[in-house]
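The structure under discussion appears below in the form of structure tokens.
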Amino acid sequence: MGHFWTFLTHLHSIAGPSVMLLYPLYASVQAIESPSKVDDEQWLAYWILYSFLTLAEMVLQPVLQWIPIWYEMKVLMVAWLVLPQFRGASFIYERIVREQLMKSRTKVGKDHGHSPGKDKSKFVEYVSPGKGHQEAY
């Protein structure tokens with residue numbers, strides 16, 4: 001039983017980083033290299049949600065340390081976000097994050113008398129280099 005418990009302990013410590021970082025990094029590179037934009041959206045949504053989860057975890061650490069199975073719950077939740085069978089990251093982004101962004105954009109646009117599309121195009125023009133300023137890679 002001792003060897004089995006040691007194996008489970010090592011598996012436990014490898015599962016989290018593999019599910020939360022290694023596979024998403026690999027899949028993100030594959031998504032960038034593929035011509036499809038669907039997988040790009042999945043992985044961008046994943047990294048947004050993973051970053052938010054990490055920040056929330058840092059803030060709530062004093063509370064989370066009292067939940068004995070928090071790490072296991074986190075790994076399962078992240079597995080749902082990551083696994084292509086579920087596409088959880090895209091689902092959460094479409095159903096929650098995008099709706100909140102649209103609500104806040106509409107509210108900001110109404111408060112300032114601007115349409116959200118104009119603000120976005122001004123921002124894109126500001127951060128994007130002009131045609132004459134593109135660098136060769």
Side-chain angles (χ1 to χ4, degrees):
M1 184 70 176
H3 293 297
F4 181 69
W5 188 254
T6 303
F7 172 74
L8 284 180
T9 303
H10 289 298
L11 183 65
H12 180 268
S13 60
I14 292 171
S18 297
V19 169
M20 290 185 262
L21 294 172
L22 291 177
Y23 176 70
L25 286 169
Y26 170 77
S28 296
V29 170
Q30 295 299 316
I32 289 171
E33 296 301 323
S34 78
S36 172
K37 295 296 179 196
V38 174
D39 52 0
D40 295 354
E41 291 176 6
Q42 160 68 15
W43 293 109
L44 281 171
Y46 171 75
W47 290 112
I48 290 168
L49 295 171
Y50 181 74
S51 298
F52 178 75
L53 177 63
T54 302
L55 288 171
E57 191 175 31
M58 288 176 6
V59 169
L60 298 173
Q61 184 58 39
V63 174
L64 295 175
Q65 70 185 5
W66 291 98
I67 303 174
I69 59 168
W70 166 247
Y71 185 75
E72 289 79 8
M73 291 181 352
K74 177 182 170 184
V75 170
L76 286 174
M77 182 173 55
V78 170
W80 180 76
L81 292 174
V82 166
L83 292 174
Q85 296 88 341
F86 302 113
R87 294 186 41 84
S90 290
F91 177 81
I92 295 292
Y93 186 82
E94 291 289 328
R95 303 293 170 127
I96 297 171
V97 177
R98 179 171 279 160
E99 287 181 11
Q100 295 303 316
L101 285 173
M102 293 304 197
K103 286 179 186 178
S104 67
R105 283 184 183 170
T106 304
K107 183 179 177 191
V108 168
K110 287 179 182 176
D111 290 345
H112 296 291
H114 298 172
S115 68
K118 286 184 180 179
D119 291 340
K120 182 179 177 185
S121 65
K122 286 181 182 177
F123 177 74
V124 170
E125 288 173 9
Y126 177 73
V127 297
S128 300
K131 290 184 180 179
H133 299 286
Q134 293 180 352
E135 295 180 18
Y137 291 97

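Side-chain atoms of Q42 come within 3.5 Å of backbone atoms of L81 as a donor-acceptor pair (strictly under, hydrogens ignored). With hydrogens and angles disregarded, no donor-acceptor distance shorter than 3.5 Å links the side chain of S90 to the backbone of R87.
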Without placing hydrogens or testing angles, list every side-chain donor-acceptor pair under 3.5 Å for residues 15-30, not counting sequence neighbours.
from: S18; atom 1: OG; to: I14; atom 2: O; distance (Å): 2.8
from: S28; atom 1: OG; to: P24; atom 2: O; distance (Å): 2.7
from: S28; atom 1: OG; to: W47; atom 2: NE1; distance (Å): 2.7

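E41 meets the salt bridge (charged side-chain N to carboxylate O under 4.0 Å, His left out) test with no other residue; sequence neighbours excluded.
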Y93 vs L101, side-chain contact (heavy atoms from CB on, under 4.5 Å): CA-CA, chis, key distance, verdict: CA-CA 10 Å; Y93 186 82; L101 285 173; 3.7 Å; yes
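Contact of the Y46 side chain with the V78 side chain is registered, since non-hydrogen atoms from C-beta on lie closer than 4.5 Å. Counting heavy atoms from C-beta outward, V97 and Q100 have side chains that stay 4.5 Å or more apart. Within the 4.5 Å cutoff, the side chain of V82 has heavy atoms near those of the W43 side chain. Taking 4.5 Å as the limit, every side-chain heavy atom of V75 sits out of range of all side-chain heavy atoms of W70.
The hydrophobic cluster containing M77 does not contain F52, counting ILVMFWY residues as joined when their side-chain heavy atoms lie under 4.5 angstrom apart, directly or transitively. Linking ILVMFWY side-chain heavy atoms closer than 4.5 Å, directly or via other members, places M58 and I67 in two distinct hydrophobic clusters. No single ILVMFWY cluster, assembled from side-chain heavy atoms under 4.5 Å apart, contains both L44 and L49.
Applying the salt bridge (Lys or Arg N to Asp or Glu O under 4.0 Å) test to every pair with at least one member in residues 13-24, sequence neighbours left out, gives no pairs at all.
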